[in-house]
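The figures that follow rest on heavy atoms only: side chains count, while hydrogens, waters and symmetry mates do not. Residue indices begin at 1 and follow the sequence shown.
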Amino acid sequence: METLQPYLSYFGIGAAIIGAISLLLWIGFAAMLSAATEGIPKLLGKFFNYLAMGDMETAYSLTSARVSTVNFPATASETRAEASNRPAQATIVTSIAP
C-alpha cells in the first residue's frame with residue numbers, strides 16, 4: 001500500500017479533471033439544447049393553461065396546424081372502438097435462416 005500512495009494523488013487529480021471536463025461538456029450541451037428549443041416551454045405552458053381552463057379544442061389546436069380537432073372526444077372514442085374491433089396480430093417465427 002505504501003508503494004501506491006505517491007500515485008494516489010495523481011489518480012485523484014486525473015479523476016477531478018475528467019469530472020470537470022464532463023461537467024463542462026454537459027453544461028455546454030444543455031445550453032445548446034435550451035437555445036435551440038426556446039419556443040417549446042412557452043408552447044407547453046400555453047397548452048397546459050388551456051387544458052387547465054377546460055378549453056381542450058384550443059389546446060389541441062396548438063399541437064399541429066394539420067390536425068383538425070373539431071370533435072376531439074368523439075374521434076378519440078372512434079379510434080378506441082376501431083382498435084378494439086381489430087383482430088390481434090401476431091408474428092410467429094418458424095425457422096431462422098442462416
Side-chain angles (χ1 to χ4, degrees):
M1 186 69 179
E2 293 174 0
T3 58
L4 291 177
Q5 279 185 334
Y7 300 109
L8 288 178
S9 62
Y10 294 120
F11 177 73
I13 292 170
I17 289 172
I18 290 172
I21 290 172
S22 298
L23 181 65
L24 289 175
L25 286 173
W26 183 79
I27 290 172
F29 285 131
M32 288 180 357
L33 183 65
S34 66
T37 60
E38 65 185 46
I40 291 176
K42 293 175 188 173
L43 182 65
L44 285 175
K46 287 171 62 175
F47 176 78
F48 287 117
N49 283 337
Y50 283 128
L51 283 181
M53 291 187 299
D55 193 3
M56 288 195 153
E57 298 299 324
T58 307
Y60 283 102
S61 70
L62 292 174
T63 58
S64 175
R66 295 175 286 159
V67 177
S68 174
T69 57
V70 175
N71 196 355
F72 179 76
T75 56
S77 297
E78 288 171 7
T79 305
R80 278 190 227 115
E82 290 170 4
S84 64
N85 292 334
R86 195 173 31 221
Q89 297 176 350
T91 304
I92 299 173
V93 178
T94 56
S95 65
I96 299 174

TODO: Kindly give the cluster partners of Leu23, where membership spreads through any ILVMFWY side chain lying under 4.5 Å from a current member.
DONE: Trp26, Ile27
TODO: Apply side chain to side chain contact (heavy atoms under 4.5 Å, CB included) to Leu44 and list each qualifying residue two or more places apart in sequence or on a separate chain.
DONE: Ile40, Phe48
Task: Set of residues satisfying side chain to side chain contact (heavy atoms under 4.5 Å, CB included) with respect to Ile18, sequence neighbours excluded - done: Ser22
- [ ] Could you tell me the separation between the OG atom of Ser34 and the CZ atom of Phe29, rounded to the nearest 0.5 Å?
- [x] 13.0 Å
TODO: Following the transitive rule for hydrophobic clusters with a side-chain heavy-atom cut-off under 4.5 Å over Ile, Leu, Val, Met, Phe, Trp and Tyr, establish whether Ile13 and Ile21 coincide in one cluster.
DONE: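 Ile13 and Ile21: one cluster.
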Open item on the list: With side chain to side chain donor-acceptor pair (under 3.5 Å) as the rule and sequence neighbours excluded, what pairs involving residues 40-55 come up?
Closed with: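 Listed once each, the pairs are Asp55-Thr58.
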